[in-house]
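Within every chain, numbering begins at 1; the chains are lettered A, B, ... in the order of the sequence lines, protein sequences first and strands thereafter. Keep in mind it's a predicted model, so treat the numbers as computed, not measured.
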2 protein chains.
Amino acid sequence: MSTVTITDVAKHVGVSVATISRYLSGFTVRNEEKIREAIIELNYRPSAAARNLKSGRTGIIAIVVPDITNPFFASIVEGAESAVGEDRMILLVNTGDSREREEKALSQLFGRVDGVIMAPLTEDEQGPSFFSQFGLPIVFVDRVTKDGEKFSSVLTDNAKGAHIATDYLISQGHRKIAMIGGPLSTTPGKRRADGYRSALAKSGISSQVEYFIESDFSEAGGYAAMCRLLEEEAPPTAVFVANNLMTIGALHALRDRGVSVPQEISIIGFDDLEFAELVNPPLTVIARDARLQGSQAMDLMIKHLENGGATPPEHSMVDVQLVERGSCALPRESQKIRSNKIDH
Amino acid sequence: MSTVTITDVAKHVGVSVATISRYLSGFTVRNEEKIREAIIELNYRPSAAARNLKSGRTGIIAIVVPDITNPFFASIVEGAESAVGEDRMILLVNTGDSREREEKALSQLFGRVDGVIMAPLTEDEQGPSFFSQFGLPIVFVDRVTKDGEKFSSVLTDNAKGAHIATDYLISQGHRKIAMIGGPLSTTPGKRRADGYRSALAKSGISSQVEYFIESDFSEAGGYAAMCRLLEEEAPPTAVFVANNLMTIGALHALRDRGVSVPQEISIIGFDDLEFAELVNPPLTVIARDARLQGSQAMDLMIKHLENGGATPPEHSMVDVQLVERGSCALPRESQKIRSNKIDH
DNA sequence: AGGTTATCTGCAATCGTTATCAGTAACGAG
DNA sequence: CTCGTTACTGATAACGATTGCAGATAACCT
């Protein structure tokens with residue numbers, strides 16, 4: 001089929017392949033016009049494979065994420081896309097939360113891409129040496145591995161976000177505050193749990209084990225965790241849910257059980273959602289700019305690539321902020337007293 | 001750096017490169033053990049570029065979508081990912097609804113990928129010849145171009161879905177039914193408008209021009225369109241919104257204006273959303289399986305690839321279904337009479 | 001042991017491009 | 001008329017892997 005090579009073009013014009021190659025790379029050559037025509041007429045497209053082999057570059061940057069249907073990661077990808085520029089493209093790898101797929105993908109990537117932007121599944125990846133011997137520039141986004149300091153990263157201030165969220169609940173008078181957390185083996189899972197605990201400690205509230213549930217950042221996980229909390233002898237009056245998908249799950253659970261938010265229980269989530277103000281009640285969340293994280297990660301990657309890998313790792317931190325909407329209220333006990341303040 | 005080639009391995013073991021190559025391709029060779037060790041010791045990874053050049057295959061399939069942050073397209077990508085198999089990967093191209101980026105991406109793709117799964121921006125792409133001369137297998141998903149019949153495709157029964165949605169509103173007694181549609185230059189935009197009109201016609205309702213707004217499948221577009229509808233002299237009592245993002249926008253508009261759903265206006269959307277039952281009120285929608293569309297598209301692509309391009313194009317159609325929740329009710333006029341039926 | 005297969009091996013060509021290097025034509029200056 | 005300069009050109013060797021071919025080795029049989 002369309003297997004027309006530079007040689008065919010050269011023959012057609014009556015010059016050597018070198019001339020065509022030079023024309024393609026922007027040098028001035030004698031028969032520019034003829035070459036241009038020949039290329040169009042023969043429908044010649046330079047072989048990317050051959051170019052890769054010669055140059056050692058592919059012009060492709062991989063993005064490895066656990067779950068592309070999570071709007072947060074979709075936004076990261078979109079942000080990265082927006083910063084990728086003219087002459088590079090993005091190879092998406094969706095590991096589907098499977099360690100096995102992640103490993104395989106990573107080994108497949110070598111030679112196909114110039115660099116990897118990734119949100120690793122867990123912090124304890126295949127030994128500290130793995131990424132070092134990987135031989136490709138790496139930028140971590142949202143999550144890092146144990147030896148993450150050696151590579152550039154773009155993170156969120158997870159602990160701060162969780163601290164703010166918990167503090168907010170405390171300031172409303174809550175004392176029985178639960179958290180539905182992510183896996184403690186992940187960066188955000190661990191840091192958000194830290195922030196939650198430190199906020200409780202600062203206010204002199206003892207953190208009860210049964211109020212912290214380690215879940216898995218999935219909707220189903222959030223659903224199950226909320227069910228467990230509701231079955232406690234003394235259910236919490238407020239819950240901090242550590243990511244968007246689990247928040248959706250938790251809300252589903254509450255709806256199915258007929259528990260009203262925020263009258264009976266207050267909910268604050270991590271990561272904003274397109275529809276957060278449309279749900280009933282509008283969701284109060286800790287928000288951050290996922291697109292920005294993606295574009296920053298891409299910027300760092302490109303910087304590494306252009307500087308020939310001699311750049312020291314940089315660590316960037318994206319800020320978080322509290323978006324107050326309607327899913328948090330005074331705890332039930334105080335509502336009796338100050339019931340005029342329930343729904344303003 | 002990690003620029004160890006097959007030649008280095010061969011030298012290290014003391015055999016020819018051909019032997020190493022054969023070992024890698026699964027033939028039985030004499031010094032298997034030694035070769036295995038050498039590969040590990042030297043940390044040798046075969047160069048994908050060289051392989052591509054020799055074989056003409058890349059093992060990469062491109063997916064071109066207009067907007068990866070749209071959950072629908074994210075699900076398509078996820079579905080495709082799940083069907084891609086062991087020895088192929090996905091190259092994601094997010095065109096960001098820009099025709100220019102789409103064109104450029106497509107031309108960049110040649111030689112980098114073995115095939116392209118795409119949801120084209122509009123039906124009238126760069127002339128019918130473009131894709132034919134593209135020289136790569138193409139599978140259309142969700143949308144096609146003018147000459148789409150020549151290539152395999154996985155579509156939804158858009159007209160049927162729109163028909164069902166409109167019929168549903170009619171059956172509830174609505175007569176002033178508006179539609180917020182997508183661009184008529186796109187497959188789903190056009191077909192859904194067709195379905196809406198045919199349903200109206202079947203029931204003898206004349207379709208008023210001011211009740212059909214051609215928007216752009218974006219949240220902002222949905223917002224603006226809903227605002228325009230509300231400013232009509234005789235605003236509609238029900239609106240069919242032709243995709244998920246515009247539905248979110250429309251709901252935002254209604255919330256901002258203080259118009260209550262479904263008491264004052266009924267809303268039915270196209271495409272389900274994770275949180276559709278969490279919004280207030282739970283959203284009634286026309287749903288379909290986006291993951292399935294993605295995986296079917298990938299299956300078709302792989303079939304083409306394995307059959308050496310000699311396969312005739314296949315056209316698959318994914319079914320739609322009505323998911324009744326709470327965002328549609330009897331029109332206001334009838335509510336006075338049968339008010340007991342408003343909220344069951 | 002000698003002959004015949006059955007396996008395995010190395011050489012070298014090849015994939016499509018680009019970089020290098022030597023070479024040619026045109027032109028003006030001396 | 002020769003020389004140097006400028007501005008291009010063509011042949012050729014890489015890049016790293018795969019593969020057909022012919023030769024080498026081992027295995028088997030009589």
Side-chain angles (χ1 to χ4, degrees), chain A residues 1-36 38-39 41-60 87-88 107-114 135-136 308, chain B residues 1-36 38-39 42-60 87 107-114 135-136 308:
Chain A
M1 192 59 45
S2 217
T3 169
V4 35
T5 79
I6 199 174
T7 316
D8 301 320
V9 181
K11 276 196 197 121
H12 194 265
V13 178
V15 295
S16 77
V17 293
T19 303
I20 309 294
S21 173
R22 275 186 279 255
Y23 164 80
L24 290 171
S25 339
F27 291 83
T28 48
V29 293
R30 262 167 216 148
N31 316 34
E32 283 200 15
E33 197 48 48
K34 275 172 124 180
I35 296 181
R36 207 191 327 275
I39 287 179
E41 188 186 333
L42 301 180
N43 187 30
Y44 163 72
R45 303 252 160 238
S47 146
R51 282 184 165 167
N52 296 350
L53 180 57
K54 260 314 255 187
S55 65
R57 298 184 55 255
T58 65
I60 296 182
D87 38 37
R88 274 185 256 259
S107 66
Q108 303 256 27
L109 248 32
F110 187 88
R112 278 184 217 281
V113 300
D114 296 338
L136 243 41
Chain B
M1 190 62 43
S2 216
T3 168
V4 34
T5 78
I6 200 173
T7 316
D8 302 317
V9 180
K11 275 195 197 124
H12 194 266
V13 178
V15 295
S16 77
V17 293
T19 303
I20 309 293
S21 172
R22 278 187 275 255
Y23 164 80
L24 290 171
S25 342
F27 290 84
T28 48
V29 293
R30 262 164 218 148
N31 315 34
E32 282 200 14
E33 197 48 48
K34 276 172 122 179
I35 297 181
R36 209 192 324 277
I39 287 179
L42 301 179
N43 188 30
Y44 163 73
R45 304 248 160 243
S47 148
R51 281 186 167 165
N52 295 349
L53 180 55
K54 238 349 235 177
S55 65
R57 299 185 54 253
T58 66
I60 296 181
D87 37 35
S107 65
Q108 303 256 26
L109 248 32
F110 188 86
R112 276 184 219 282
V113 300
D114 297 337
L136 241 41

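Considering only heavy atoms from C-beta on, A/I35 comes within 4.5 Å of A/T19 through its side chain. Residues A/H12 and A/V4 are not in side-chain contact: their nearest non-hydrogen atoms beyond the backbone lie 4.5 Å or more apart. Looking at A/P46 and A/Y44, their side chains come closer than 4.5 Å, going by heavy atoms from C-beta outward.
Contact of A/K54 with C/dT18 (side chain to base): a donor-acceptor pair of N or O atoms is detected under 3.5 Å. A donor-acceptor contact under 3.5 Å is formed by the side chain of A/R22 with the base of D/dG10.
Both B/A18 and B/A50 sit near DNA chain C, but only B/A18 has its closest nucleotide nearer the 5' end. Of the residues near DNA chain D, A/N31 and B/F27, the one whose nearest nucleotide (by heavy atom distance) lies more toward the 5' end is A/N31. When each of B/T28 and B/L53 is assigned the nucleotide of DNA chain C bearing its nearest heavy atom, the one mapping closer to the 5' terminus is B/T28.
Between B/R51 and D/dT18 there is a side-chain polar atom (N or O) within less than 4.0 angstrom of OP1 or OP2. Residue A/Y44 places at least one side-chain N or O closer than 4.0 Å to OP1 or OP2 of C/dT17. Within the 4.0 Å cut-off from OP1 or OP2 of D/dG10, at least one side-chain nitrogen or oxygen of A/T19 is found.
When the P atom of D/dG16 is taken as reference, atom CZ of A/F110 falls 11 Å away, rounded to whole Å. Atom CZ in B/R30 sits roughly 11 Å away from atom C1' in C/dA6 (whole-Å rounding). Between the CD1 atom of B/I35 and the P atom of C/dC8 there is a distance of 12 Å, rounded to whole Å. Distance, B/N52 CG to D/dC15 C1': 13 Å, rounded to whole Å. If you take CD1 of B/I6 and P of D/dA17, they are 5 Å apart, rounded to a whole angstrom. Rounded to whole angstrom, the span from the CG atom of A/L24 across to the P atom of C/dA19 amounts to 12 Å. If you take CG of A/D8 and C1' of C/dC15, they are 13 Å apart, rounded to a whole angstrom. The distance between atom CZ of A/R45 and atom C1' of C/dC15, rounded to the nearest whole Å, is 20 Å.
Across all strands, B/T5 comes closer than 4.0 Å only to sugar-phosphate atoms, never to a base (heavy-atom distances). Counting non-hydrogen atoms under 4.0 angstrom, B/S47 reaches the backbone sugars and phosphates but no base.
The two residues A/V17 and A/A10 have their closest heavy-atom pair at N-CB, 3.7 Å. Smallest separation of non-hydrogen atoms from B/R112 and B/Q108: NE-O, 3.1 Å.
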